[in-house]
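Notes follow once the structure below has been shown.
For ligands, and for the atoms within them, numbers begin at 1 and follow the listed sequence. The structure presented is a predicted model; accordingly, all values stated were derived computationally and were not measured.
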Amino acid sequence: MRFEKKYHMSVKKPKILLIYTGGTIGMIENPDSKALEPFDFNHLIDNVPKIKMLDFEIDNFQFDVPIDSADMNPSHWGQMAKVIEDNYEKYDGFVILHGTDTMAYTASALSFMLNNLTKPVIITGSQLPIGEVRTDGEENLITALQVAAAKDPSDGGPMVREVAILFQDSLLRGNRSTKFSADNFDAFQSGNYPELAHIGLDITYNKEALLRPTPGKEFKVEYIMDTNVAYLDLFPGIQENVVKSTFNIPDLKGVVIKTFGVGNGPSCPWLFDCIRDAVAKGLLIVNISQCSNGMVSPMKYSAGVGLANAGTISGHDLTSEAAITKMMYLFGMGATAQLAGKYMEKNLHGELTE
Ligand code: ASP
C-alpha cells in the first residue's frame with residue numbers, strides 16, 4: 001500500500017496556479033509615448049515557449065487590468081489572497097507575477113495575511129519585459145515555477161511553505177526582502193536573513209533557513225489592512241514642525257520612525273516631547289534603522305536611549321516594508337496601540353529576529 005502511494009505521488013504532475021498582476025515582465029512599449037505599459041497574459045506566455053518543457057499542470061489567473069506595481073494597494077493584496085484562498089486545496093503552489101517596485105511590500109503583506117500557510121507562494125517579475133531579447137523574465141518565471149513545485153524529500157511536503165521572492169540568483173524570504181537596485185538584474189536583497197535557496201546550476205535550498213510552520217493549523221486569510229500608518233524618516237536638521245505635523249495626522253494609528261544606525265536620533269528635547277505626547281495620545285511609534293543590515297538596539301548610545309525612553313518600540317531588524325505592512329495587519333485585526341506594540345516586537349512569520 002505504502003509503495004503504491006509513493007509511486008502515485010512521484011508520477012503526479014505538480015499543479016501550479018500562476019497569478020498575473022502586471023509589472024515590467026508583461027509590459028510592451030507604447031508605440032506613441034515609448035513608455036512601458038502592462039499587457040495581457042497571453043502575450044507573456046507566448047514569449048515563454050519553454051514553459052511547455054516543464055511537465056507541470058499550470059493554470060492562470062490574471063488581474064482584469066494588469067497594473068504597474070506602483071499602483072499596488074491593499075485591495076490588490078486582498079484580491080491575491082482571495083485567489084489563493086479559493087484555490088488553496090487545488091494547487092501544490094502559487095506563483096505571482098508582479099512588478100518589482102512594490103514587490104517587497106506585497107510579499108511582506110501577504111506573509112501576514114496568509115496565516116498558517118503550508119504551500120509555496122513565490123513572487124517574481126523582471127527588470128526587462130519578457131518580449132525583449134535580453135530579458136531576465138523567462139529565467140525568473142521558469143525558476144519560480146520549479147521552486148513552487150519542489151518537494152522536501154524528508155516528508156514529501158512542499159519544499160517552500162511561505163511567501164518568498166525569486167529574483168535572479170536568489171530565493172529570499174518575502175518579508176525580509178527589499179528592492180535595492182533599479183538597474184541590475186540582481187534587484188533584491190535580504191540584509192538580515194540568509195537566502196532560502198541559491199539559484200545556480202542547481203537550486204540549492206538552505207533547509208535551515210526555510211520556515212516550517214506547525215502542522216495541523218487551519219489556513220486562514222486576514223483581509224483587513226488598516227492604512228492609517230505613516231513613515232517618518234529622520235535626517236540631520238529635521239524640524240519640529242515636520243515631526244509634529246506627522247504625529248498630528250488625523251486618524252493616524254502608527255508611525256514607523258526610520259532612525260540612524262542602531263536606532264539613534266538627534267538628542268533634541270522637542271523630539272522627545274513630540275514622541276511622548278503622541279504616545280500619550282495613543283499613537284504607536286516603532287523604531288527601525290535606516291540601514292538595510294543590522295538591528296535596532298537603542299540602548300547602545302545615549303542618542304537612542306532618549307527615543308526609547310520617550311516611548312518608541314524597537315522594530316529590531318524589520319525591513320521598512322515589513323514594518324509598515326505588519327502595522328497595517330495588526331491594526332486591521334483591531335489591535336490597540338499597546339497590543340500592536342507588543343506584537344511588533346514578536347516574530348510572527350519569520351520577519352524579525354527576536
Ligand atoms: N514599474 C514596474 C512595476 O513595478 C517596474 C518593474 O516591474 O520592474 O510594475
Side-chain angles (χ1 to χ4, degrees), residues 18-48 51 60-81 83 94-111 121-145 147-148 163-190 199 225 227 231 292 319-322 324-325 328:
L18 186 56
I19 302 168
Y20 174 51
T21 69
T24 296
I25 191 161
M27 290 188 184
I28 55 166
E29 201 177 86
N30 178 312
D32 303 322
S33 69
K34 304 283 176 223
L36 288 172
E37 290 174 352
F39 204 59
D40 142 296
F41 184 79
N42 296 328
H43 151 84
L44 192 148
I45 288 298
D46 288 348
N47 278 286
V48 195
I51 279 194
N60 63 70
F61 175 93
Q62 77 164 305
F63 271 25
D64 280 348
V65 184
I67 58 168
D68 187 304
S69 79
D71 287 322
M72 193 57 62
N73 66 51
S75 74
H76 297 116
W77 299 336
Q79 277 183 54
M80 290 177 226
V83 177
F94 302 86
V95 171
I96 301 179
L97 297 177
H98 194 290
T100 58
D101 289 349
T102 59
M103 190 182 284
Y105 289 91
T106 296
S108 301
L110 289 180
S111 77
V121 174
I122 313 299
I123 311 183
T124 194
S126 66
Q127 293 281 54
L128 281 177
I130 207 137
E132 295 218 0
V133 186
R134 291 180 54 248
T135 185
D136 51 329
E138 181 176 51
E139 209 175 292
N140 286 347
L141 171 55
I142 298 276
T143 312
L145 289 165
V147 169
V163 181
I165 287 183
L166 182 289
F167 224 84
Q168 184 77 352
D169 295 336
S170 300
L171 181 74
L172 305 174
R173 174 160 299 157
N175 57 28
R176 294 283 194 159
S177 308
T178 298
K179 180 174 178 180
F180 83 107
S181 173
D183 300 323
N184 294 340
F185 285 142
D186 191 8
F188 286 84
Q189 69 178 15
S190 165
I199 320 298
M225 299 292 268
T227 51
Y231 286 121
S292 51
T319 62
S320 151
E321 294 88 340
I324 202 93
T325 53
M328 289 184 197

Donor-acceptor pair, side chain of Asn140 and main chain of Phe167, under 3.5 angstrom: no
Test your reading of the model: is there a side-chain donor-acceptor pair from Glu321 to the backbone of Thr178, 3.5 Å cut-off? no
With sequence neighbours left out, what residues match Asn73 under side chain to side chain contact (heavy atoms under 4.5 Å, CB included)? Ser75, His76
What's the spacing between Leu97 CG and Phe61 CZ if we round to 0.5 Å? 13.0 Å
So which atom in Ser69 and which in Thr100 form the shortest heavy-atom distance, rounded to 0.1 Å? OG-N, 4.1 Å
For ligand 1, what N or O to protein N or O distances fall under 3.5 Å?
from	atom 1	to	atom 2	distance (Å)
ligand 1	1 (N)	Asp68	OD1	3.0
ligand 1	1 (N)	Asp68	OD2	3.0
ligand 1	1 (N)	Asp101	OD2	2.8
ligand 1	4 (O)	Ser69	OG	2.5
ligand 1	4 (O)	Thr100	N	3.3
ligand 1	4 (O)	Asp101	N	3.0
ligand 1	4 (O)	Asp101	OD2	3.4
ligand 1	7 (O)	Thr24	N	2.9
ligand 1	7 (O)	Thr24	OG1	2.9
ligand 1	7 (O)	Thr100	N	3.0
ligand 1	8 (O)	Thr24	OG1	3.1
ligand 1	8 (O)	Thr100	OG1	2.5
ligand 1	8 (O)	Ser126	O	3.3
ligand 1	9 (O)	Asp68	OD1	3.2
ligand 1	9 (O)	Ser69	N	2.7

For the CG atom of Leu128 and the CG atom of Asp136, what is their distance to the nearest 0.5 Å? 5.5 Å
